Structure formats: C-alpha cells, structure tokens
Amino acid sequence: MKLIAILFLCTTLLTSLAQGDQQQEFDCNDEDLLKAVDAALRKYNDGSKSGNQFVLYRITEGNKTVDHDVFYSVKYEVKEGNCSIQSGKPWKECDYKESEQAATGECTATIGKRHRDRDFSVTTQTCHVTPAKGPVVTSEYECHGCVHPIITVPHDLDPVLRHAIQHFNNHNNHSHLFAVKEVKRAQRQMVSGWNYEVTYLIEQTNCSKENFKVLTPECKALPNGDTGECTDLAYMDPRLRIASFSQKCEVLSEKDFLFSPNLNCRGCPKEIPVDHPDLKGALSHSITKLNAENNATFYFKIDIVHRATSQLVAGTKYFIEFTARETTCSKESTKELTESCETNKLGKTLRCTADVYEVLWENKIETTVKCQSPGKKQLKPCVFKGQPRDAGAEPTSES
Ligand SMILES: *[C@@H]1O[C@H](CO)[C@@H](O)[C@H](O)[C@H]1NC(C)=O
Ligand SMILES: *[C@@H]1O[C@H](CO)[C@@H](O)[C@H](O)[C@H]1NC(C)=O
Ligand SMILES: *[C@@H]1O[C@H](CO)[C@@H](O)[C@H](O)[C@H]1NC(C)=O
Ligand SMILES: *[C@@H]1O[C@H](CO)[C@@H](O)[C@H](O)[C@H]1NC(C)=O
Ligand SMILES: *[C@@H]1O[C@H](CO)[C@@H](O)[C@H](O)[C@H]1NC(C)=O
C-alpha cells in the first residue's frame, strides 16, 4: 500500500521534484558536455584581463550525474589561442598559437544545469596554466550562488536532517517514530545563507509515539517496519537557523492506511516481500526478457531484488525493482541462463524495473523490463583535432 503525505510550508523554490535518479545514455558527442565545457572555458577566459584567450584542446575525463539537475565534473586541457582577450571573439573562432610560444593548461570544473534552466553554470573550476616560459599559474573559481552537488554527506547537513525527521514525525499519524536511514542525494546552494535540497530514506523505529516524544538513540529500526522516501527543501539563514522548510514524503506500508484515500483498497499495488514465492515466475520472466533484449555477450542474472509490489487486477500485476549482474555464461556457449551460471563479481551490473502482468488461468504473461547502468557515468575522453571552429561538430572519440 502506498501512502502519500505531502506537506508544503514553503513553495518558493519548489516546482516539481522528480522521483528517483535518471541516468542518461552518454557518448563523447554529447552536445551538453561540450556546452558545459564551453561555459567553463568562457568563464576562465572572462576572468583574464589581458593576454590571449585559451582554446579547448581536449576533454580528458568526465563524469555526468543526472538527478533532476545535471552535473558534469570534467577535466580538460587548453592551449593558448592566437586571439586576444580584448578582441572579444569566442574562443571557438580562435586558432592555437604557435606551439613553442603557447601556454598550455589543465582545468577541472564542475558545471551544472538545473532542470528548469537552459544554460550551464560553472560551479567550481581550478586551472593550472603553464606559460611557454615560467612556472605554473593556478587559478581557482567558485560560484557560491550556484547549486553544488554534495557527493559525500557533510556534517552541515545534520541539522537539516534532524529538523526534517522531526518535522516528519510531527506531521503524520503513524503510530511510531521514523528515523533517517540513508541520504540518497543532496545539493546545496549558497544564497545569503544556504539552500539545501535533500532526498533520503526513512524507516520505522521501535519507539511508539505513545511512549516517545522524540527520537532517542535507543530507537532502533524495526526489521519489518514501514519505510519511505522524502525530498525536502530547507533554507538555513546566515545565523544557521532553518528559516523555511518544505517536505514531501512517500511512505510505503502494508499496515497503516491513515493517509490513504482508499481504505483497504484491494486493487491497489501492495508491497510484497522480495523473496515472496509468488514472485518467482515474474522474476524469471523478467530476466529472460532482459537477456533476450540485451546484446551483451554474457547472460545477466538477478543479483538483488530491491522492491516488489503486486496488484490484483484481472490477474496480477507485479512491479519489481532489481539489480542484475553479468554471469560467466556466454550466450554463445549456453542456450539459456541456468541455475549453474555464476555471477561474475567483476561483471557489469544493471539497475532494472520490470512490469509483469500475469493471468495464470489464461496462461498469459506480459513483461516489460527497463534497465540502466547504475551510478554516475564515466565519460570517454574527447580530443579536438585541429581548429575547433564549432565545438558541437569537431570532437572525435579516442577510445
Ligand atoms: C570521475 O569519477 C571517478 C570515479 O569515481 C573519479 O576517480 C574521477 O576523479 C572523476 N573524474 C572527475 C573529472 O571528476
Ligand atoms: C589566428 O590564426 C589564423 C590561422 O593561422 C589566422 O587566420 C588568424 O588571422 C589568426 N588571428 C590572429 C588574431 O592572429
Ligand atoms: C491525523 O489525524 C487527524 C485526526 O484524525 C487529522 O485531523 C489529521 O489531518 C491527520 N493528519 C495527517 C497528516 O493525515
Ligand atoms: C528498540 O530496540 C533496541 C535494540 O533492539 C532496544 O535496545 C530498545 O530497548 C528498543 N526500544 C523499545 C522502545 O522497544
Ligand atoms: C541489439 O542489436 C540489434 C541489432 O544489432 C539492435 O537493433 C538493437 O537495438 C540492439 N539492442 C540493444 C539493447 O542494444
């Protein structure tokens, strides 16, 4: 049973919060990557008062993270161009300077695009430039007003999370207190103070509200308790007080129907244990479908089932989230995936969702499976050959 609690105290920042990560197919010709690097290099050139502009030489490394905002973290190399800063020309129209007299440089930058913006803005950038003669010059740039991805959960998020879980516990009718289980992602933006956006998982503890006013260290997660996911926006003012806060949580539960508009809804999707025997058939169809639609050399096998729901319609609809991992059985040597196919610890993994519609009495099964490579994407290096007149057209993949 899905329960939805939506609480908005402040809506200044919020438009819509996408649920879940979205990974996108990426290749070296990704126009967005070039736009991101272009923004970074223009930022660097704009920061110089005199001398020549720098021109992109190659992009050596990059990662792309997509939540509902896009972030690139890239390393790129530049060479001194033959047009001056004063000329005001875009770097794309400049040629490289004669190589003996040209300075070279390497920059690392984080560039982000919020999902409602069209342009990239440079969040951080560090460039090391080596002049033709002389020592390396380092310049650093940080945009305090930009949205920063938070890669590891920093301590400054603690007060936000404390506030958040308290807010959650005070504003729902669940019999027990919930605790934060895991932070999925977070962003912060410096304004006058800080804006945070954080998505985290919550879990039911063994402390009932009857006996406990607030969470204490003795409140421990209940193994079979309810869980949920929240996305909050918080503004912390310069005196480090949380001045505005909004929360959107979704609680997944089988037992409590307190928020639910349809009490005991028989036709609603219901969470089922991931090892439920009824799920066997659906899982087997899902992996068969995945292997049939996938061009990998080796079969994939289901490694972990994260979550499953079933819904009684005319038949049963299953929705399953799972991770599949490559096995050591190649499709060439084995006709089908069997129990004896071992997972390859170093193999690829895929994060998948499956919809399986089973009508047992009609012997009918319809399965759709969608998979994505998990985590952030590592980008292939790109080299610019010759004069990069048009950054959208000239990169070639070097792999
Ligand atoms: C990309 O991700 C890898 C693995 O996490 C990391 O080692 C590397 O430094 C990242 N590169 C950039 C440019 O951020
Ligand atoms: C830069 O080099 C190109 C090609 O060699 C040349 O056409 C152009 O005039 C040069 N620009 C400047 C400002 O020297
Ligand atoms: C909790 O229950 C009370 C009384 O039944 C109700 O007025 C209130 O709206 C409920 N709160 C939520 C968040 O559902
Ligand atoms: C919750 O569980 C922990 C560990 O199992 C236990 O020490 C604690 O007393 C329990 N609290 C309640 C209120 O049952
Ligand atoms: C598998 O290969 C076929 C033919 O080469 C292609 O049409 C199809 O899109 C590929 N599927 C995937 C998932 O890459």
Side-chain angles (χ1 to χ4, degrees), residues 1-9 19-20 150-186 196-234 236 240-242 245-265 268-279 302-310 319-323 351 374:
M1 176 70 53
K2 252 183 181 182
L3 299 178
I4 299 176
I6 301 176
L7 306 158
F8 290 117
L9 297 183
Q19 292 290 315
I150 300 179
I151 308 297
T152 53
V153 179
H155 286 304
D156 65 355
L157 205 59
D158 289 351
V160 177
L161 289 173
R162 265 201 307 277
H163 181 92
I165 197 67
Q166 200 171 355
H167 186 275
F168 177 80
N169 283 327
N170 288 341
H171 289 86
N172 72 60
N173 284 336
H174 203 282
S175 58
H176 283 69
L177 296 173
F178 278 66
V180 174
K181 182 180 175 194
E182 182 191 322
V183 175
K184 284 180 71 178
R185 55 179 176 271
Y196 290 90
E197 181 179 322
V198 57
T199 299
Y200 55 96
L201 305 179
I202 54 173
E203 58 191 351
Q204 185 183 344
T205 68
N206 61 355
C207 291
S208 69
K209 286 183 179 169
E210 219 176 320
N211 298 326
F212 289 83
K213 278 229 146 58
V214 291
L215 274 179
T216 67
E218 86 175 290
C219 300
K220 299 289 182 230
L222 270 182
N224 295 315
D226 297 339
T227 58
E229 182 175 312
C230 300
T231 297
D232 300 354
L233 296 172
M236 199 185 268
L240 302 183
R241 288 176 316 199
I242 291 171
F245 184 77
S246 74
Q247 184 168 65
K248 187 178 171 191
C249 293
E250 200 171 331
V251 177
L252 304 168
S253 155
E254 288 192 60
K255 302 183 286 293
D256 297 271
F257 306 114
L258 287 166
F259 308 134
S260 172
N262 311 314
L263 291 183
N264 299 315
C265 163
C268 291
K270 212 169 69 179
E271 291 279 317
I272 55 172
V274 294
D275 55 358
H276 199 288
D278 286 356
L279 212 53
I302 292 179
D303 198 25
I304 306 165
V305 180
H306 301 281
R307 194 182 148 216
T309 64
S310 75
F319 173 78
I320 313 167
E321 289 178 26
F322 63 91
T323 297
R351 192 60 198 242

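The model shown is predicted, which means the values in this text are computed figures rather than measured ones. We use all heavy atoms of the structure for the numbers below, so side chains are in, but hydrogens, waters and symmetry mates are not. All ligand and atom numbering here is 1-based and tracks the order in the structure.
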Residue by residue, ordered by chain and number, which ones reach under 4.0 Å of ligand 4 with a heavy atom?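 Within 4.0 Å of ligand 4, the protein residues are Asn206, Phe212, Glu218, Lys220.
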Given Val180, Thr231, Leu161, the one that forms side chain to side chain contact (heavy atoms under 4.5 Å, CB included) with Val198: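 Filter result, single survivor: Leu161.
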Donor-acceptor pair, side chain of Asp232 and main chain of Gln247, under 3.5 angstrom: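 A pair under 3.5 Å: no.
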Look only at the side chain of Thr323 and the backbone of Asp303, and say whether a donor-acceptor pair between them is shorter than 3.5 Å.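 Not at all, since once roles are kept as given, no pair shorter than 3.5 Å links the two residues.
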Arg162: side-chain hydrogen bond (donor to acceptor under 3.5 Å, both in side chains) partners, not counting sequence neighbours: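 side-chain hydrogen bond (donor to acceptor under 3.5 Å, both in side chains) check on Arg162 returns nothing, list empty.
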For Asp278, side-chain contact (heavy atoms from CB on, under 4.5 Å) partners two or more places apart: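 Residues passing side-chain contact (heavy atoms from CB on, under 4.5 Å) with Asp278: His276, Tyr318.
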With sequence neighbours excluded, what pairs up with Glu321 under the side-chain contact (heavy atoms from CB on, under 4.5 Å) test?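 With sequence neighbours excluded, Glu321 shows a side-chain contact (heavy atoms from CB on, under 4.5 Å) to His306, Arg307, Phe319, Arg351, Thr353, given in chain and number order.
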